[in-house]
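Structure, as structure tokens:
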Amino acid sequence: MAKKTTPPDRKTAAATQKSESIYDVTYQIVRLVPKGRVTSYGAVAAAIGATSGARMVGYAMNLAHGVKPKVPAHRVVNRNGMLTGKHHFQPPGLMEELLLKEGVKVANDTVVDFEKLFWDPMVELAPR
DNA sequence: AACATGACGTCGC
DNA sequence: AGCGACGCCATGT
């Protein structure tokens with residue numbers, strides 16, 4: 001009886017992920033963004049080692065909804081300084097609101113003086 | 001396993 | 001200078 005080895009009840013994605021997933025790292029980088037500052041997906045991606053994974057960063061932000069501690073995804077914009085993800089907020093426009101409250105001026109869905117407010121994790125966290 | 005999608009980025013026209 | 005297409009990496013179907 002009992003032929004073959006009975007496979008243990010493995011839950012889906014039980015041990016699939018390790019302690020740190022690309023999302024976890026991404027969230028932490030974003031959380032490090034100081035108030036009144038903004039960063040870009042590409043910069044964060046480069047900081048986590050996914051230089052070309054800018055899309056993954058955006059993907060991670062999408063999952064960041066309800067993640068604790070809260071992830072200031074509104075401080076993350078594209079390389080253009082444009083609030084590309086504003087439509088993913090609830091309600092849309094919340095992203096701009098939050099930025100304005102933090103002192104970041106937004107015009108036409110784009111961060112004003114983006115390069116000035118740009119916070120590069122690679123530079124700030126990089127050991128000189 | 002292959003295809004399609006995505007909060008980006010870069011190159012080409 | 002504005003629009004289109006490809007590339008990247010991960011996820012879902």
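In the text below, chain A, chain B and the rest are named by the order of the sequence lines, each starting its count at 1.
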How would nucleotides 7-13 of chain B be written as a contact map, 5' to 3', with B for base contact, S for sugar-phosphate-only contact and - for no contact, using protein heavy atoms under 4.0 Å? BBSS---
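Side chains of A:Leu83 and A:Val111 form a contact here, defined as non-hydrogen atoms less than 4.5 Å apart.
Residue-level contact check: A:Ile22 touches the backbone only, with heavy atoms under 4.0 Å from sugar-phosphate atoms and none from bases.
With hydrogens and angles left out, the side-chain atoms of A:Glu102 and A:His74 include a donor and acceptor closer than 3.5 Å.
Contact check of residues 109-123 of chain A against DNA chain B (heavy atom, cut-off under 4.0 Å) returns no residues at all.
Listed by first then second residue, pairs satisfying ring pair (Phe, Tyr, Trp, His ring centres under 6.0 Å) with a partner in residues 102-128 of chain A read A:Phe114-A:Phe118, not counting sequence neighbours.
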Please step through side-chain contact (heavy atoms from CB on, under 4.5 Å) for the pair A:Ile29 and A:Leu125, ending with a clear verdict. CA-CA 10 Å; A:Ile29 297 293; A:Leu125 303 177; 4.0 Å; yes
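Here C:dT11 presents its P atom at 8 Å from CE of A:Met56, a figure rounded to the nearest Å.
Although no hydrogens or angles enter the test, the distance criterion places a donor-acceptor pair under 3.5 Å between the side chain of A:Arg37 and the main chain of A:Lys116.
Put simply, CG on A:Leu94 and CG on A:Leu99 are 9.0 Å apart, with the number rounded to the nearest 0.5 Å. Atom CE in A:Met122 sits 10.0 Å away from atom CD1 in A:Ile48 (nearest 0.5 Å).
The gap from the C1' atom of B:dA7 to that of C:dG2 amounts to 22 Å, rounded to the nearest Å.
When each of A:Lys86, A:Met95, A:Met82 is checked for a side-chain contact (heavy atoms from CB on, under 4.5 Å) with A:Val77, only A:Met95 meets the rule.
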